[in-house]
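Here's the structure, in structure tokens; my notes come after.
Values in this document were obtained by computation on a predicted structure and should not be read as measured data. Throughout, residue positions are numbered sequentially from 1 according to the sequence presented.
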Amino acid sequence: MKNSLPIGRVAGISLFIHWTFPIIIIWVIFMNYRQGQNITQITWSIVFILVLFVCVTLHELGHALAARKFNIKTSDITLLPIGGVARLENMPQNPKIELVVAIAGPIVNVGIFLLIYLYFIFSGYPFPFTQLVQISGEQFFYNLALVNLWVALFNLIPAFPMDGGRVLRAFLSMILNRVHANKIALSIGQAIALVFVVSGVMYNPFLILIGLYVFYGAGAETNLEQTHSLLEDHTTEEACMKQFSVLQKTDKMQHAVQLLLNGTEKNFMVLDERRPYGILSREGIIRALSTKGMEEPVSSACNHDIIFIAADEPLEHALKLLQEKKHYLLIVIKDDQVFGVIDKENILEFIMVNNALDDHQQ
């Protein structure tokens, strides 16, 4: 994720912390100071937040390790002020697998709660299940147990982007087709978001933020699912450009500018005679013009990190490569020859065409 700082690796998965993460620490300090808490109490509150985010990391690792059992890799885990995000390389389409992966995170939080709860029981300490009390050394683990239980229950709300939304979709997908199941899950999630917003207006403004988070998160999840359904069963060959402009590495930037201005293409394959040499993007052209001028050869401005993709590769794989590798153009290979090129614009146009055809058929 952009604007994130790497903090290590766990089970082979990279961990990042978003630059906004310190906001929650600042907020905790401010609220404690406003309430007149002393330095000891403020310190305990900060330690509690840090330990809680260790639990959040374990929650996300629960998803990641469950996904790994089904050969689904996790790109990374990023900690945000509102929680954590585990980026799976592939979202499970089998509803049973999706159910296992989705429920694994909340199970981790329930497990943490049970461990602390059992410790209290066997130690003879009371566990009253009341509201949170002031953070201190004596009440630290009681609060930690209670918050983990709340995190588990909150994540099981049947609305995207919470785990409960995916659990609901998984159950619905067992009796309906996935597209229909996704639409029902979206409707339920947005209805719940509306309840949060109305409750926030009446009781607590914080619930409005939760409602908006759920509403927009549900929309993002639905867009992701729609993209998958439109790209499913299609190959890169179907969407790639078979007729495209190329540059030779000895061409001047002036030639690249002419191609950019005279057509609709924004990214170009650069050749060394007939062999692929690199990729020159619109951004690369503009950057080179500002520093080197029109007479500079394109070889000095192109990206030599070329990614080839087979024509029969799933189109969704091409999209993921373009997104994750941050490349502008992929070179499509068929029968060991350059068959075409593909960029995000091609895939977007392919989605729009298929979306229009689906609307027509309905």
May I ask you to test the Ser281-Asn267 pair for a side-chain heavy-atom distance under 4.5 Å? yes
Supply the members, apart from Val198, of the Ile/Leu/Val/Met/Phe/Trp/Tyr cluster built from side-chain contacts under 4.5 Å; use none for a lone residue. Leu194, Met202, Tyr203
Do any pairs count as a salt bridge (Lys or Arg N to Asp or Glu O under 4.0 Å) and have a residue in residues 276-298, sequence neighbours left out, and if so which ones? none
Taking the side chain as every heavy atom from C-beta outward, state whether Val51 and Phe140 have any pair of such atoms under 4.5 Å apart. yes
Nearest 0.5 Å, what's the CD1-CD1 distance between Ile77 and Ile13? 5.0 Å
Provide the closest heavy-atom pair for Ala239 versus Asn346 in the form atom of the first, atom of the second, distance. O-CB, 3.6 Å
How about Phe244 and Val338: do any of their side-chain heavy atoms sit closer than 4.5 Å? yes
Gap between atom CE of Met253 and atom OG of Ser299 - 0.5 Å precision: 10.0 Å
Distance, nearest 0.5 Å, that separates CG of Leu321 from CD1 of Ile307: 5.5 Å
side-chain contact (heavy atoms from CB on, under 4.5 Å), that's the test. Do Val101 and Leu88 meet it? Break it down for me. CA-CA 10 Å; Val101 174; Leu88 304 183; 4.0 Å; yes
Mark yes or no for whether Asp272, through its side chain, and Arg275, through its backbone, hold a donor-acceptor pair below 3.5 Å. no
Looking at CG of Leu172 and CD1 of Ile188, how far apart are the two atoms once the value is rounded to the nearest 0.5 Å? 6.0 Å
Can any side-chain N or O of His234 pair as donor or acceptor with the backbone N or O of Pro314 at less than 3.5 Å? no
In the single-linkage hydrophobic clustering (I, L, V, M, F, W, Y; side-chain heavy atoms under 4.5 Å), do Val195 and Leu168 co-cluster? no
Is Leu115 reachable from Val110 through a run of I, L, V, M, F, W or Y residues, each pair having side-chain heavy atoms under 4.5 Å apart? no
Going by chain and number, the hydrophobic cluster around Tyr328 (ILVMFWY, side chain to side chain under 4.5 Å) further includes none
Hydrophobic clustering (ILVMFWY, side-chain heavy atoms < 4.5 Å, transitive) - are Phe350 and Val332 grouped together? yes
Rest of the hydrophobic cluster containing Leu99 (Ile/Leu/Val/Met/Phe/Trp/Tyr, side-chain heavy atoms under 4.5 Å)? Ile103, Ile107, Leu156, Val167, Phe171, Met174
Might you point out which heavy atoms bring Ala318 and Thr236 nearest each other, and give the distance in Å? CB-OG1, 3.7 Å
Do the side chains of Ile309 and Leu329 join up, straight or via other hydrophobic residues, at under 4.5 Å, putting them in one cluster? no
Pair Glu98-Arg169, salt bridge (charged side-chain N to carboxylate O under 4.0 Å, His left out): steps then yes or no: CA-CA 9 Å; Glu98 181 176 35; Arg169 181 173 62 192; 2.6 Å; yes
Which pairs count as side-chain hydrogen bond (donor to acceptor under 3.5 Å, both in side chains) when at least one residue sits in residues 49-62, sequence neighbours excluded? His59-His63, His59-Asn109, His59-Asp163
Measure the shortest side-chain to side-chain distance between Val201 and Ile208 over non-hydrogen atoms and say whether it is less than 4.5 angstrom. yes
Calculate, to the nearest 0.5 Å, the distance between atoms NE2 and CG belonging to His317 and Leu322 respectively. 10.0 Å
Before accepting this row, confirm whether a basic side-chain N of the pair Glu237/Lys334 lies closer than 4.0 Å to the acidic partner's carboxylate O. yes
Just by modelled atom types, is the Lys96 backbone N or O under 3.5 Å from a matching donor or acceptor in the Asn94 side chain? yes
Yes or no on side-chain contact (heavy atoms from CB on, under 4.5 Å) for Val151 and Cys55, after CA distance, side-chain angles and deciding distance? CA-CA 10 Å; Val151 167; Cys55 297; over 6 Å; no
Check whether any side-chain heavy atom of Leu315 lies under 4.5 Å from a side-chain heavy atom of Ile342, and answer yes or no. yes
Side chain proximity check, Val100 to Phe70, heavy atoms < 4.5 angstrom: yes
Nearest heavy-atom approach of Asn155 to Pro106 is CB-CG, 4.2 Å
Report the distance from atom CD1 of Ile49 to atom CG of Leu52, rounding to the nearest 0.5 Å. 5.5 Å
Heavy-atom pair of closest approach, residues Glu273 and Leu271: O-CB, 3.4 Å
Output, in order, the C-alpha distance, side-chain angles, deciding distance and verdict of side-chain contact (heavy atoms from CB on, under 4.5 Å) for Ile17 and Phe53. CA-CA 11 Å; Ile17 185 168; Phe53 271 87; over 6 Å; no
Heavy atoms only: give me the nearest Met269-Ile331 pair and the separation to one decimal. SD-CD1, 3.3 Å
Return yes if some donor-acceptor pair links the side-chain N/O of Asp251 with the main-chain N/O of Gln248 below 3.5 Å, else return no. yes
Which ILVMFWY residues can you reach from Leu348 by hopping between side chains whose heavy atoms are under 4.5 Å apart? Met352
Can Ile72 be reached from Leu65 by stepping across I, L, V, M, F, W or Y side chains whose heavy atoms are under 4.5 Å apart? no
For Val197 and Gly211, which heavy atoms make the closest approach, and how far apart are they? CG2-CA, 4.0 Å
I'd like to know whether CZ of Phe308 has more than 12 heavy-atom contacts from other residues, nucleotides or ligands below 6.0 angstrom. yes
Using side-chain heavy atoms (C-beta onward) and a distance below 4.5 Å, is Glu265 in contact with Leu259? no
Quick check: do Val298 and Phe268 have side-chain heavy atoms less than 4.5 Å from each other? no
